[in-house]
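Start at 1 and go down the list; that is how both ligands and their atoms are numbered.
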Amino acid sequence: MSFDNLGLNENILRGIKEAGFTEPSPIQEQAIPIVLEGHDMVAQAQTGTGKTAAFGLPVMSKINPQGGVQVLIITPTRELCMQVSDELYKLGKYANIKTVAVYGGQSISRQVDLISRGAQVVVATPGRLLDHLLNDRLRDFNPQYVILDEADEMLDMGFLEDIEEIFKFLPASRQTLLFSATMPREIRALAEKILKEPKTVSVQSKEVTSENIEQYFYVVEDWERSDAVVRLIDYEDPSRAIVFCRTKKDADELSTTLVARGYPAKALHGDLEQRQREEVIKSFKAGKVLILVATDVAARGLDIDNVTHVFNYHIPLDPESYVHRIGRTGRAGKAGKAVTLVKPLEFRELNRIKQVTKAQIYHMEVPTLEDVKSKKITKLVDKIKHQHITDEATELFAQMSSEMDISTLCMKLLSKVVSKNKAEGPSHIGIKGKNLERMIEAKSQDRDGKRGGNRRGFGNRGGGYRNDRGGSRDGGYKNDRSSRTSRDRDGNRGR
Ligand code: ADP
Ligand code: MG
């Protein structure tokens with residue numbers, strides 16, 4: 001399947017090529033022809049499946065370059081607003097499409113100015129857009145294409161009333177598209193109100209927990225959570241990770257613990273000031289912060305590439321949010337790992353997640369301190385073997401080897417290196433062995449009914465923590481784009 005025979009305009013195809021998209025994602029393949037035909041549409045697909053291009057490409061193909069504002073996209077947060085407008089700018093570049101991002105905290109007159117100076121696409125957050133509309137600041141504002149993006153998130157943030165209000169200002173003859181990762185009742189009801197005879201497309205949740213994500217759970221007691229996360233981070237050595245917490249307080253405490261132990265970690269949650277959030281996201285994108293400790297709402301929808309690990313400090317409250325969380329990794333065909341901590345009382349939630357997502361989530365034991373040490377040693381030995389010898393070192397060696405014998409020198413050097421990356425913490429963490437097995441079987445039996453202990457789901461693959469299976473699987477779509485622009489983004493909720 002390629003983009004070429006979907007009916008998109010030439011200049012848009014050029015933008016797609018330059019963005020490095022080689023083939024449409026499933027939601028794009030389904031949605032694009034329907035949008036081009038002019039139907040209203042409800043589209044459901046998980047985060048990271050390419051929904052932006054699924055509506056952006058076809059509507060931009062239909063735009064008249066001379067015609068003023070024709071497309072309105074409403075997004076829940078300021079970050080998403082900028083993300084969407086960046087993406088559309090990139091894809092629409094050769095079609096000469098001008099986009100304006102409209103959100104709170106920015107100069108009103110400047111926004112109005114940019115809009116009236118011939119932008120065809122307006123991407124807006126609900127609060128600021130409504131403000132413009134109520135104050136009658138937008139002249140001849142008649143977008144023919146209106147897209148409600150990440151609708152479920154609007155619901156979560158309490159924007160539905162604003163949305164209904166906004167639609168009172170929009171022309172009756174328009175094409176309306178609603179995109180959402182999940183379809184709660186309230187969103188279906190909203191769709192009834194604002195769409196006309198919509199077509200429905202959805203990419204089912206089988207594809208939802210991506211093939212590229214390996215999923216594991218570890219059984220721990222409540223008080224062991226932070227030790228367990230630290231241990232797993234030590235062991236896994238992620239190059240970029242998000243740890244999800246249930247509360248802002250947990251996120252703050254955990255990030256403080258991680259920082260105290262020497263990890264470049266930062267918390268991201270709704271209590272931070274806009275500027276602080278902006279900085280956190282920026283340093284995470286730039287790789288200065290390697291571990292983002294976040295609450296669900298703060299992190300949802302953020303498009304951050306190359307997250308290698310997602311940790312669930314607490315198991316999420318429902319399967320949909322599990323899917324959302326782990327969808328932060330394993331994107332664009334890359335491999336990712338999702339790690340969930342559960343206490344025995346939470347097996348019920350775990351089972352529900354497995355049933356709904358049909359995911360294989362494998363049981364693992366938290367590595368011991370010894371395991372971490374020996375893994376670190378192996379890595380260190382490997383690094384030393386591959387270390388390039390510098391001129392400075394050669395000189396220093398000549399100097400020092402005349403002062404002491406070579407083996408003393410070596411041992412002194414190694415001691416210095418080893419003391420620098422020491423693993424800490426209790427030797428054993430988590431509930432293990434026969435006890436756990438009995439516990440798991442009993443629980444899954446009384447939760448799932450008669451089935452003989454549900455060994456499949458809980459299967460302890462290969463035993464222990466040996467989960468460093470090599471080689472990434474090839475799923476999803478290809479994208480050879482290597483970096484994203486990391487302009488400032490910040491985090492108020494569009495007010
Ligand atoms: P969603 O809105 O479903 O969460 P996005 O539209 O933000 O997903 O897309 C996620 C990422 O995938 C973006 O970085 C986007 O550039 C990239 N992407 C989208 N479509 C394709 C494609 N067909 N091929 C490669 N990468 C794509
Ligand atoms: Mg999106």
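A donor-acceptor contact under 3.5 angstrom links the side chains of K62 and Q175, judged on distance only. In this model, no donor atom of one side chain and acceptor atom of the other lie less than 3.5 Å apart for N9 and Y94. Of the N and O atoms on the side chains of Q111 and R128, at least one donor lies less than 3.5 Å from an acceptor on the other residue.
With a 6.0 Å cutoff to the six-membered ring centre and a 45° limit on the axis angle, R246 does not count as a cation-pi contact of Y313. A cation-pi contact links K375 to Y235, judged by a cut-off of 6.0 Å to the six-membered ring centre and 45° from its axis.
A salt bridge links D237 to K379: at least one charged side-chain nitrogen sits closer than 4.0 Å to a carboxylate oxygen.
F3 counts as a contact of ligand 1, since one of its heavy atoms falls under 4.0 Å from the ligand.
Close contacts between ligand 1 and T52 involve ligand atoms 2 (O), 5 (P), 6 (O), 7 (O) [criterion: under 4.0 Å to a heavy atom]. Near E23, the atoms of ligand 1 lying under 4.0 angstrom from a non-hydrogen atom of the residue are 22 (C), 23 (N), 24 (N). Counting the atoms of ligand 1 from 1 in the order shown, those under 4.0 Å from a heavy atom of E150 are 2 (O). When each atom of ligand 1 is checked for a heavy atom of T49 under 4.0 Å away, the hits are 1 (P), 3 (O), 8 (O).
The distance from the Mg ion (ligand 2) to the nearest N/O/S atom of E150 is under 2.8 Å.
Contact of the T77 side chain with the M157 side chain is registered, since non-hydrogen atoms from C-beta on lie closer than 4.5 Å.
Considering backbone and side-chain N/O atoms, Q83 never comes within less than 3.5 Å of an N/O atom of ligand 1. For ligand 1, the polar-atom distance check finds an N/O of G50 within less than 3.5 Å of one of the ligand's N/O atoms.
Residue-level proximity to ligand 1 for Q28 is carried by the side chain, the only part with a heavy atom below 4.0 angstrom.
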